[in-house]
Amino acid sequence: VLDVVMELSQPLVAEKPIRLITALDPALPAIFADEDRLQQILYNLVGNAVKFTKEGVITVTARSLPDESASGFLEITVADTGIGIPRDRHEAIFDSFTQADGSISREYGGTGLGLAVTKNLVELHGGKIRVESEAGAGTRMIFTIPTAARMTRIGESPLPGPTKARRVPAQTYQAALQADPAVPSSAPAQPKPGDADPGLKP
Ligand code: ADP
């Protein structure tokens, strides 16, 4: 999934002095996620990272959470060296139609919907998303997705194979997305190769 996202994101950085880097440990556990939705989450976060970074590096990393209480989750981080987000806006940016400040839409465009959709998708998987950032000091978007092993442990049916995540039925997402009035039900599901943008952000 990450390879696809990185490939899709290459055109976004083509005109900027930015390097896209991923470092994933091949020993990471399989996760319980819908591939298309996970791709959409990553594409939104990498897309934002590119959009708000003039130069530098964007990295995507993942690790198993060591903490006992949180065991069974994979933590994925998209980090950039961009404009950053002031602390007092860390919560608001996940709301629909909200941007870090009034100058953002003038300078960068966007609708303020991407992170609201992304948060929704992460939570539908049973994960959480948070931000670590300061104005001018880059941004780290960090989200968790349950591992396949965790879902098996808490009573979900076992996965077909060690590296293949089970697909969650699409209706589950549709129902939940439609329950959120801020998310248009016609929102495109995922980026297709060749699309410049998945369509969430004009
Ligand atoms: P949009 O990008 O369409 O404005 P999002 O919901 O994706 O909407 O993001 C909301 C706001 O959060 C953005 O307008 C921007 O102010 C801030 N933001 C999101 N990601 C980043 C990032 N990587 N660096 C700096 N600011 C960000």
Side-chain angles (χ1 to χ4, degrees), residues 2 5-6 8-23 36-62 75-125 127-145 173 176-177 179-191 195-202:
L2 188 55
V5 172
M6 287 317 209
L8 287 170
S9 303
Q10 284 302 337
L12 302 176
V13 296
E15 316 231 306
K16 287 182 166 185
I18 295 178
R19 275 190 308 149
L20 275 178
I21 297 177
T22 58
D36 293 342
R37 302 297 169 175
L38 182 61
Q39 190 174 312
Q40 191 177 356
I41 292 167
L42 284 165
Y43 190 73
N44 282 349
L45 295 180
V46 172
N48 271 352
V50 172
K51 180 169 152 186
F52 296 108
T53 302
K54 222 194 290 169
E55 58 186 356
V57 193
I58 291 163
T59 52
V60 182
T61 51
E75 185 187 76
I76 302 168
T77 301
V78 178
D80 66 54
T81 54
I83 63 170
I85 303 165
R87 275 170 187 260
D88 62 349
R89 302 300 290 160
H90 285 190
E91 272 179 45
I93 51 161
F94 292 103
D95 294 341
S96 300
F97 305 113
T98 305
Q99 301 185 314
D101 72 59
S103 67
I104 293 286
S105 73
R106 283 194 302 280
E107 224 176 296
Y108 298 91
T111 57
L113 264 182
L115 282 180
V117 171
T118 303
K119 181 172 188 232
N120 213 322
L121 291 174
V122 169
E123 289 177 352
L124 284 168
H125 283 89
K128 288 188 178 152
I129 185 165
R130 66 194 161 89
V131 58
E132 287 178 3
S133 180
E134 273 174 50
T139 299
R140 292 160 57 81
M141 287 286 175
I142 302 158
F143 69 97
T144 55
I145 295 285
Y173 289 106
L177 284 173
D180 180 351
V183 180
S185 54
S186 61
Q190 84 270 359
D195 278 0
D197 188 291
L200 284 172
K201 301 178 198 173

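Reckoned from all heavy atoms, side chains included, excluding hydrogens, waters and symmetry mates. Atoms within each ligand, like the ligands themselves, are counted from 1 in listed order. In what follows, residues are counted from 1 in the order of the sequence shown.
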Contact atoms of ligand 1, heavy-atom distance to [X] under 4.0 Å:
| X | value |
| --- | --- |
| Gln99 | 1 (P), 4 (O), 11 (C), 14 (O), 16 (O) |
| Leu113 | 6 (O), 8 (O) |
| Thr98 | 10 (C), 11 (C) |
| Asp80 | 22 (C), 23 (N), 24 (N) |

Exercise for review: Evaluate the criterion side-chain contact (heavy atoms from CB on, under 4.5 Å) for residue pair Phe52 and Ile104; output intermediate values, then yes/no.
Suggested key: CA-CA 9 Å; Phe52 296 108; Ile104 293 286; 3.9 Å; yes
Is the closest N or O pair between [X] and ligand 1 shorter than 3.5 Å?
| X | value |
| --- | --- |
| Thr139 | yes |
| Phe52 | no |
| Asn48 | yes |
| Ile104 | no |

Point to revise | 4.0 Å heavy-atom contact, Arg89 with ligand 1 | key: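 Arg89: no contact with ligand 1 (<4.0 Å).
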**Study point:** Residue pair Phe143, Leu121: steps toward the side-chain contact (heavy atoms from CB on, under 4.5 Å) verdict
**Key:** CA-CA 11 Å; Phe143 69 97; Leu121 291 174; over 6 Å; no
Review point. Given Gly102, Gly112, Ser105, Gly114, which has its nearest heavy atom closest to atom 1 (P) of ligand 1?
Key: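 It is Gly112 whose heavy atom sits nearest to atom 1 (P) of ligand 1.
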Which distance, rounded to the nearest 0.5 Å, do you find between the [atom1] of [X] and the [atom2] of [Y]?
| X | Y | atom1 | atom2 | value |
| --- | --- | --- | --- | --- |
| Ile85 | Gln99 | CD1 | CD | 11.0 Å |
| Glu132 | Ile142 | CD | CD1 | 3.5 Å |
| Asn44 | Thr118 | CG | OG1 | 3.5 Å |

Review point. Using heavy atoms and a threshold below 4.0 Å, how should the contact between Thr111 and ligand 1 be classified: side chain, backbone, both, or neither?
Key: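 Both backbone and side chain.
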Exercise for review: May I ask you to say whether Lys16 pairs ionically with Glu55, meaning some side-chain N is under 4.0 Å from a carboxylate O?
Suggested key: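 Salt bridge absent between Lys16 and Glu55.
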Exercise for review: Can you see which heavy atom on Ala79 is nearest to which on Arg140, and at what distance?
Suggested key: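 Where Ala79 meets Arg140 most closely, the heavy atoms are CB-CG, 3.9 Å.
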Practice item. Check the surroundings of atom CD in Glu123: do more than 12 heavy atoms from other residues, nucleotides or ligands lie under 6.0 Å from it? Key: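 Atom CD in Glu123 is packed in, count exceeds 12.
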